[in-house]
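All remarks here apply to the structure that follows.
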Amino acid sequence: MSMSSVSTLVGDMSAKISDIRMTGVYTSYYADQWVLRDFNLAAEAGKITVLLGPNGAGKSTALKVLYGLLAANRGQVTLGGEEITRLEAHRRLRKGLALLPQEHTLFHGMTVDENLELGAAVLRGDRRRFRAAIDGAYEQYQILRGLRHKLAGSLSGGQQRILELARLMLTDPDVLLVDEPSNGVAPNLVDVAYDAMQNWRRRGKTILLVDQDIEAAGSVADYIYTIESGQNRLSGPATQFAGKLRDLVSEWLDVHLAPENG
Amino acid sequence: MAGIIVNTLISGLLVGVMYGMTGLGLTFTMGFGKTMNVAQGTLIVLGSFILLSLSTKFHMNPFLGLLVIIVAFGLLGGLLDRVLLTHLRSKSDTITLLVLFGVAQVITNITSWVYSANTVSLTTPLTQATVQVGPLMISLVQIWVAVIGVAVMFGLYAFLRQTAIGKMIRATAQSEGAAALCGLDVRMTRTVIFVLGIALAGIAGFALAMLFPFSPQDQDTWLIISFVVVVLGGVDNLMTTLAAGVVLGILQTLAGLWLPFSDQNLVVYAVLALALIWRSRTATLRFRSI
């Protein structure tokens, strides 16, 4: 990291420091079948916090509760100290919370330009900021310039991923929830998402990552939580997990991990 | 004979624009709003009766009446959406369908009660005027309705493409989940879509009253015609909706040359059947512009 980026980082952080946490959260899809049970988690600014666990443990559910797509039956969600447990999902982006879900969420029948306009829709009240956000996205992702009048659905997988990331960052959210960026995409696209997350960390963003790929997630993690059957298991700074992450996780979670190159 | 055919084609074209207008409302509620509005036909006929009242009781100019109907129907759409539909959407499509069916029954009964079940027609100086174009006599009101229909379609098209709200509507129609992630208020957008759909039913009601006799029992005919137009034109494209109306209008009017009046609706059902078969075979996998 260069000195200049450190100084901008400090400047940014003094302006807005956000952390997101959930405390004592219970949630269920069906009555009496808790998907999360007394679950606690906190992610801090300038860090990548990773949530690991076997399939069906409740990782993506936790992200859904944090974003308001699923209600918490009990417990609390706070963003930068403010309680947002009952805040509607579409109001959370204005609060600086953004979600990158695992399924593709572009508007396929609309142009790249229109996708970006919609991603910046909450800024429309401030015409200058709205334009600046979209121009900034084209500045940062030059490849999108030549594609601006193409339908999002006609782009290649890599281009779509870049458009998703560009759209996600238009409102300059403080807290980013990233769900399974490795799931079902080509390896080079996984790198695009991981590079972006490391870039966001440098800019002081709060990142909470859920990924099946324990090695990849572990390699960028600052802090790790583990979850099993909707409950907290071990957690701690990533340094405590160094070198033995794979063995530890397989032992705690009793899951059969895919071979190294599988 | 050639003269008759040309006359019929022109008449079919102009009536077809009106058919297209009946489909525009359904394109909104069904294509963009994902709500099968079975009350569409009833609302169209209600619009016709309101225009009749405004014209005969209050001696209002039909074009002014049209503006009143647009506003009133927009409000009605907002009311129906917020009171009945908003809470039901998350539950099941069947319940929404049944509720709208109930709404249709209630409105039809009220219309029959207020206006009796007789067939009526609106007669104004405008509806009786004709214009001479070369050797052809064309009803002036048909031209007016066609002009309004085309203007409404192009207006809506520009609205959906150019305005922020229009883009929100298209985005919400494609993916409500993605729209919510962009911070768009999906519930509000759905209400706007329904308001526009119902206002468009009102505009179609104006067109119906200007062109044809009508009765409270006509609701099914107009629901089916708007449904055929939407199936033929594709649920999310305004241009093809209007074009589909024109195709249907021309086919039906041409058939009128040979078929008895009572059998003319056969053409509508035949087109519906063919359109459904065609649509099911060409289920599009490509990404189309919306």
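Chain identifiers are assigned alphabetically (A, B, ...) following the order of the sequence lines, protein sequences preceding nucleic acid strands; residue numbering begins at 1 within each chain.
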Legend entry - Gap separating the CE atom of A:Met110 from the OG atom of B:Ser175, nearest 0.5 angstrom: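 Nearest 0.5 Å value for the CE-OG distance: 11.5 Å.
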
Inset, instruction - Can you measure from CD (B:Gln174) to OG1 (A:Thr105) and round to the nearest 0.5 angstrom? - result: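 One finds 12.0 Å between CD of B:Gln174 and OG1 of A:Thr105.
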
Inset, instruction - Pick one of side chain, backbone, both or neither for A:Arg167, based on which atoms fall under 4.5 Å of a heavy atom in chain B. - result: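 It is the side chain, since no backbone atom gets that close.
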
So for atom [atom1], which belongs to [X], do other residues, nucleotides or ligands contribute more than 12 heavy atoms lying within a distance under 6.0 Å?
X: B:Lys34; atom1: NZ; value: yes
X: B:Ile165; atom1: CD1; value: no
X: B:Phe63; atom1: CZ; value: yes
X: A:Tyr29; atom1: OH; value: yes
X: A:Arg94; atom1: CZ; value: no
X: A:Lys47; atom1: NZ; value: no

Legend entry - Residues from residues 177-189 of chain B approaching chain A under 4.5 Å (heavy atoms):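 Result: B:Ala178, B:Ala179, B:Ala180, B:Leu181, B:Cys182, B:Gly183, B:Leu184, B:Asp185.
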
Legend entry - Residues in residues 117-139 of chain A near chain B [non-hydrogen atoms, under 4.5 Å]: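 Against chain B, the residues of residues 117-139 of chain A that fall inside the cut-off (heavy atoms, under 4.5 Å) are A:Glu117, A:Leu118, A:Gly119, A:Ala121, A:Val122, A:Arg124.
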
